[in-house]
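Report on the structure given below.
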Amino acid sequence: MQTRNGAMMNIFDELSWRGLVHQVSDTEGVRKYLDAPGQAMYCGFDPTAESLHIGNLVPLLSLVRMMRAGHKPLFLLGGATGLIGDPSGKDKERELSNQDAVNGRVAHIKAQIEAFVERNTGQKPTVVNNYDWVKNMSAIELLRDVGKYYTVNWMLGKDSVKGRIERDEVGISYTEFSYMILQGYDFYHLCKEYGCRLQIGGGDQWGNITAGTELIRKKAAGDAFALTFPLITTASGKKFGKSEKGAIFMSASHTSPYAFYQFWINTEDADVVRFLKYYTFLSLEEIEALAAEVARAPQERAAQKALAAATTIMVHGEEELAKVLAATEALFGKGDLKSLDHGTLAAALESAPAREYQFDALPDLAQILVDLGLCPSKGQARKDIQAGAISVNGDKITEARALTQDDFLGEVNATQGAFAVLRKGKKNYGLVRLG
RNA sequence: GGUGGGGUUCCCGAGUGGCCAAAGGGAACAGACUGUAAAUCUGUCGGCGUAAGCCUUCGGAGGUUCAAAUCCUCCCCCCACCA
């Protein structure tokens, strides 16, 4: 990234104008640290699910930005810490995950990070797993070589712990209480092995990160830095990253590229410029131009399209984006659904729910809507039909009726392979096939 | 350990024997308007049923009653104050 006068911009300053810097332990120290190329920094990802979700995108992307700026970030997988459970931001004790599950998730997330980084930098990332250095640590080592550097008094002052102790009905187990010293040790370990002196993370990670900077200061007699990101919220106050259907995952098997794209394209005007800064590599100038577009012609949604395209390419690649755009054009374009090329239509609906029936054993429409997951119950389906929320092949229907031969598109004269497109509201599609 | 107050449908919260599938608000879904936005207005919001109606639900288990979210008994959990 360059400044307006052409000089290379310090990556720290870039993160600042993008609005990604929340807290820094030593602003000048961090800027200086990042001035020289080839510096190491890290961020941890605990394996709480099989796939990362877009809540992980800011930290992940920040490490990628570091890499693109010539640094050497470390992507840390919490194979060990994931077994303990981070109390940060949690108001009650977590169930322990079983080890096989954690190992499985670590493998998935590792592959995911590698693919993501290679797509966006052309280089292989350095992925480390804290299980590798924690698994053989003895209790004596932990207590003598790590625990001795932490006073309980200091630990009790951390928000993650304080919140749980003040509410005595929840409490905190010794296990979760110890989480911060493990994460602290990670930082120390990476400092020693890779010369890593900067850890970044979400706003709730401040306590854990400073547990590391403390340990490094005391044990290694050197400085280390902490940087956290702000909590991302939407203008209307909703949690970012959740659609009505749940979290938006980065893996195509958890959230289809189509759904992923749709999530971003639906970003509110009031959020879109901010999100372009957070979630794309676009420059300040490019983003300012898009902001001007939003002000001039909001109905064009140029910024939303740019945001959705950039994030989809970043996570799923160009090829997937092309497919998603074709599907979006087919489903939201001006044309008549029925006149669309059937191949295009079928491809567009690839990730929509689909059911196959025998023509002479077709259930009633309400049941089909329930089968497709478009409506939660037959009663609700009937109400939706009455409310005019349901359309068949793009034609709105207002009373319950059975699907007839005329409703099916595809090979004429053949019931085999023919299909009908059901839609609820503007955005929910389902496919009925005859088999 | 003592005393007092509670646990209601996704969330908050009203309801103290029939008029209760249960007020109101929020969330959610849909319709209108727009731009696959926001705001606003409208409708829906336990299940089955075209409907009449039936079934399931008010922390849990029993009981009283023609009838219980509402009364009684026991149990579980939470909150507040005191010790």
Side-chain angles (χ1 to χ4, degrees), chain A residues 91-93 164 166-171 233-248 255-276 279 290-309 311-312 321 324-337 348-349 351-353 363-392 394-402 421-430:
Chain A
D91 57 8
K92 58 173 187 275
E93 189 82 12
R164 294 267 286 270
E166 279 165 3
R167 302 182 43 192
D168 39 276
E169 75 273 19
V170 281
T233 53
T234 68
S236 44
K238 289 174 195 151
K239 279 177 230 154
F240 170 77
K242 296 271 168 87
S243 75
E244 49 285 4
K245 274 137 198 139
I248 304 293
T255 298
S256 72
Y258 173 77
F260 185 89
Y261 180 88
Q262 289 293 323
F263 170 80
W264 295 102
I265 203 90
N266 281 305
T267 303
E268 299 170 27
D269 292 2
D271 288 322
V272 69
V273 172
R274 204 159 43 94
F275 287 4
L276 282 167
Y279 297 110
L290 285 165
E293 277 300 294
V294 173
R296 188 185 63 80
Q299 71 279 8
E300 296 296 328
R301 292 179 303 129
Q304 277 89 343
K305 287 176 184 167
L307 174 66
T311 50
T312 304
L321 174 66
V324 163
L325 287 176
T328 296
E329 179 54 32
L331 299 181
F332 291 99
K334 295 273 177 277
D336 179 8
L337 263 189
L349 291 165
S351 64
D364 63 64
L365 190 53
Q367 184 60 51
I368 294 174
L369 289 166
V370 173
D371 288 350
L372 287 167
L374 293 179
C375 301
S377 69
K378 290 182 72 176
Q380 188 59 49
R382 258 181 248 113
K383 284 164 189 157
D384 287 338
I385 290 168
Q386 270 173 6
I390 306 299
S391 68
V392 178
D395 298 328
K396 186 173 284 189
I397 60 167
T398 49
E399 56 181 46
R401 61 178 180 79
V421 180
L422 297 187
R423 192 184 71 180
K424 185 187 86 161
K426 272 181 187 161
K427 304 173 193 172
N428 310 293
Y429 285 88

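Naming: A, B, ... by sequence-line order, numbering from 1 per chain.
For the pair A:Ala306 and A:Leu290, the tightest heavy-atom approach, listed with the atom from each and the gap, is CB-CD1, 3.7 Å.
Taking the P atoms as reference points, B:A28 lies 14 Å from B:A37, given to the whole Å. Taking the P atoms as reference points, B:G53 lies 46 Å from B:G4, given to the whole Å. The same atom, P, is picked in B:U56 and in B:A67; the two are 15 Å apart, to the nearest Å. To the nearest whole angstrom, the two C1' atoms, one in B:U70 and one in B:G15, are 8 Å apart.
Note on A:Lys383: every side-chain N or O is 4.0 Å or more away from OP1 and OP2 of B:A30. Of the side-chain N and O atoms in A:Lys427, one or more sit less than 4.0 angstrom from OP1 or OP2 of B:A37. At least one side-chain nitrogen or oxygen of A:Asn428 sits closer than 4.0 Å to the OP1 or OP2 atom of B:A30. Close to B:C48, at under 4.0 Å from its OP1 or OP2, lies a side-chain N or O of A:Ser377.
Straight-line distance from the NZ atom of A:Lys424 to the P atom of B:C45: 14 Å, rounded to whole Å. Between the C1' atom of B:A30 and the CG atom of A:Leu374 lies a distance of 13 Å, rounded to the nearest Å. Taking atom CG of A:Leu369 as the reference point, atom P of B:A30 lies 13 Å away to the nearest angstrom. Atom CD1 in A:Ile397 sits about 16 Å away from atom P in B:A30, given to the nearest Å. Taking atom CG of residue A:Asp271 and atom P of nucleotide B:G35, one finds them 20 Å apart after rounding to whole Å. A:Leu276 places its CG atom 18 Å from the P atom of B:A37, with the value rounded to the nearest Å. Spacing between atom CZ of A:Phe275 and atom C1' of B:A38 amounts to 14 Å, rounded to whole angstrom units. Atom-to-atom, CG of A:Asp364 to P of B:U50 comes out at 8 Å; the value is rounded to the nearest Å.
Comparing A:Gln367 and A:Tyr261 by the nucleotide of RNA chain B that holds the closest heavy atom to each, the one mapping nearer the 5' end is A:Tyr261. Taking for each of A:Gly379 and A:Asn266 the nucleotide of RNA chain B with the nearest heavy atom, the 5'-most of the two is the partner of A:Asn266.
Within the 4.5 Å cutoff, the side chain of A:Leu331 has heavy atoms near those of the A:Leu349 side chain. Counting only heavy atoms from C-beta outward, the side chains of A:Thr311 and A:Phe260 approach each other to under 4.5 Å. Side chains of A:Lys424 and A:Leu369 form no contact here, defined as non-hydrogen atoms less than 4.5 Å apart. Side-chain atoms of A:Gln262 and A:Phe332, non-hydrogen and from C-beta on, do get closer than 4.5 Å to each other.
Searching all strands for a Watson-Crick or G-U wobble partner of B:C66 with both distances below 3.5 Å returns B:G18. Of all nucleotides present, only B:A28 satisfies the Watson-Crick or G-U wobble test against B:U44, with each distance under 3.5 Å. Base-pair partner of B:C74: B:G60 (Watson-Crick or G-U wobble, both distances under 3.5 Å). Across all strands shown, B:U3 is found opposite B:A80 as a Watson-Crick or G-U wobble partner, with both distances under 3.5 Å.
A:Glu300 comes within contact range of no nucleotide atom at all, as no heavy-atom separation falls under 4.0 Å. Residue A:Ala270 is classed as having no contact, given no heavy-atom separation below 4.0 Å to the nucleic acid. Among the protein residues, A:Lys396 comes within range of the sugar-phosphate backbone only, with heavy atoms under 4.0 Å from sugar or phosphate atoms but none that close to a base. If you check every strand for non-hydrogen atoms under 4.0 Å, A:Gln262 touches a base.
Around CD of A:Glu399, the count of heavy atoms belonging to other residues, nucleotides or ligands within 6.0 Å does not exceed 12.
Considering only side-chain atoms of A:Phe332, the nucleotide from B:G35, B:U36, B:A30 that sits closest is B:U36.
Using a 4.0 Å cut-off between a side-chain N of Lys or Arg and a carboxylate O of Asp or Glu, A:Arg301 and A:Asp269 do not qualify as a salt bridge.
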